[in-house]
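Report on the structure given below.
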There are 2 protein chains.
Amino acid sequence: MPRCRRMGPPWWEPRFREAGFRLTMPRQVILEVLSNTEEHLSAEEIYLLIHKVYPNIGLTTVYRTLDLLVDMGLVFKFDFGDKRARYELSQGPASKKHHHHLICTKCGRIIDYTDFIDEERELLQRTEAGLSEKYNFKVTSHLIQFYGLCDECQE
Amino acid sequence: MPRCRRMGPPWWEPRFREAGFRLTMPRQVILEVLSNTEEHLSAEEIYLLIHKVYPNIGLTTVYRTLDLLVDMGLVFKFDFGDKRARYELSQGPASKKHHHHLICTKCGRIIDYTDFIDEERELLQRTEAGLSEKYNFKVTSHLIQFYGLCDECQE
DNA sequence: ATATTATTGAAAGTGATTTTCAATAATAAG
DNA sequence: CTTATTATTGAAAATCACTTTCAATAATAT
């Protein structure tokens with residue numbers, strides 16, 4: 001059964017209006033790509049995907065747009081240790097919940113997991129509060145990643 | 001009062017012997033530098049530090065040595081978001097305990113903290129066990145970092 | 001001593017990301 | 001609606017941390 005796609009304006013539209021940025025075609029296309037993938041795409045991968053349909057959108061624009069989206073908080077930028085940055089929409093269709101990543105150090109596979117997130121969140125909140133008090137450090141975000149061997153890479 | 005320095009062979013010596021690598025002067029010098037700093041040095045910073053005393057040790061060797069030390073588990077490699085990798089001895093003088101990092105996104109300052117590590121460790125162990133079971137993923141290491149504004153950067 | 005293997009450093013190469021800059025598109029002003 | 005102003009774009013060139021190459025040197029094994 002095909003997923004129900006809402007027809008209204010996408011959720012990022014007001015964010016652009018508020019911020020005073022122009023929601024141009026390259027920006028929309030890149031947001032749509034991120035919106036429709038389960039993968040952790042790199043700038044070049046995004047470029048190649050859209051290049052088939054929009055051959056006039058340059059790689060430079062992809063990089064610049066991703067930077068902007070990260071600055072706006074619409075996109076998260078990750079480093080999984082393979083030299084290239086990878087990007088994920090920060091919110092989106094219900095399916096995407098807050099998650100962290102398991103990174104296979106052998107094959108590079110990335111597994112999103114949402115399990116244990118609640119306990120994690122609770123600990124993080126306590127930790128952030130404590131750190132804030134002790135170091136007067138205002139935590140705005142955190143990064144948690146596990147490295148190891150995935151199913152298939154264990155011998 | 002000057003810190004008491006043990007005179008015996010440094011702790012990494014047996015690790016080299018066991019592994020069958022040669023403990024050459026560049027390697028010793030780099031380990032000593034890492035051993036005597038509280039900072040999170042980059043390869044180039046290490047190179048510049050030792051270059052004053054050992055001008056014949058090249059940057060390439062610094063990179064290669066750091067890679068080796070990371071592989072041997074003697075050194076941790078971090079990415080704090082400023083393009084260059086940064087390195088820390090994985091063990092050392094008692095003062096250095098297992099810690100994580102607070103990263104100021106404005107000035108780049110790195111704060112080591114050891115507080116809350118115990119609760120953290122406990123949660124991590126449970127999480128790792130759970131992930132291992134659910135995804136059959138063998139966790140070998142983890143990364144936790146908090147981003148935000150340090151004391152001085154909060155206006 | 002001599003052979004074998006590991007380590008080194010200078011120079012050249014790599015590759016993801018940035019910068020430059022002139023052209024174009026979008027909004028604002030008149 | 002024009003025209004002025006400003007934002008956005010893309011191609012090409014530049015950057016820069018890091019790697020690779022390769023011949024020379026140093027360390028261990030024979």
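Just so it is clear: chains get the letters A, B, ... in the order the sequence lines come, proteins before strands, and each one is counted from 1.
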Report task. Could you walk me through whether W11(B) and Q91(B) pass the side-chain contact (heavy atoms from CB on, under 4.5 Å) test, one step at a time? Result -> CA-CA 9 Å; W11(B) 59 269; Q91(B) 2 178 346; 3.5 Å; yes
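- In this structure, T105(B) contributes its side chain and G148(B) its backbone to a donor-acceptor pair below 3.5 Å.
- Taking atom CG on D79(B) and atom P on dA17(D), their separation rounds to 13 Å, with Å as the unit.
- Cluster membership for M72(B) and W12(B), using ILVMFWY side-chain heavy atoms within less than 4.5 angstrom, is shared.
- A distance-only check finds no donor-acceptor pair linking the side chain of Q145(B) to the backbone of H100(B) [under 3.5 Å].
- For the pair L66(B) CG and dT7(C) C1', the interatomic distance rounds to 15 Å; values are reported in whole Å.
- dA17(D) atom C1' lies 14 Å from atom CG of L48(B), rounded to whole Å.
- The minimum heavy-atom distance between P14(B) and P10(B), with the atom names listed, is CD-O, 3.8 Å.
- Ring-plane geometry between Y47(B) and H51(B) is classed as tilted, the angle between the planes lying from 30 to 60 degrees on a 0 to 90 degree scale.
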**Report entry** Footprint string (nucleotides 14-21 of chain C, 5' to 3'): B base within contact, S backbone only, - free, heavy atoms under 4.0 Å
**Finding:** --SBBBB-
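- The heavy-atom pair separating H99(A) from K97(A) by the smallest distance is ND1-O, 2.8 Å.
- Contacts between residues 15-28 of chain A and DNA chain C, counted as heavy-atom distances below 4.0 Å, involve R22(A).
- If you measure from atom CD1 of I57(B) to atom C1' of dA10(C), you get 15 Å, rounded to the nearest angstrom.
- Looking only at distances, a side-chain donor or acceptor of R86(B) sits under 3.5 Å from a matching main-chain atom of H40(B).
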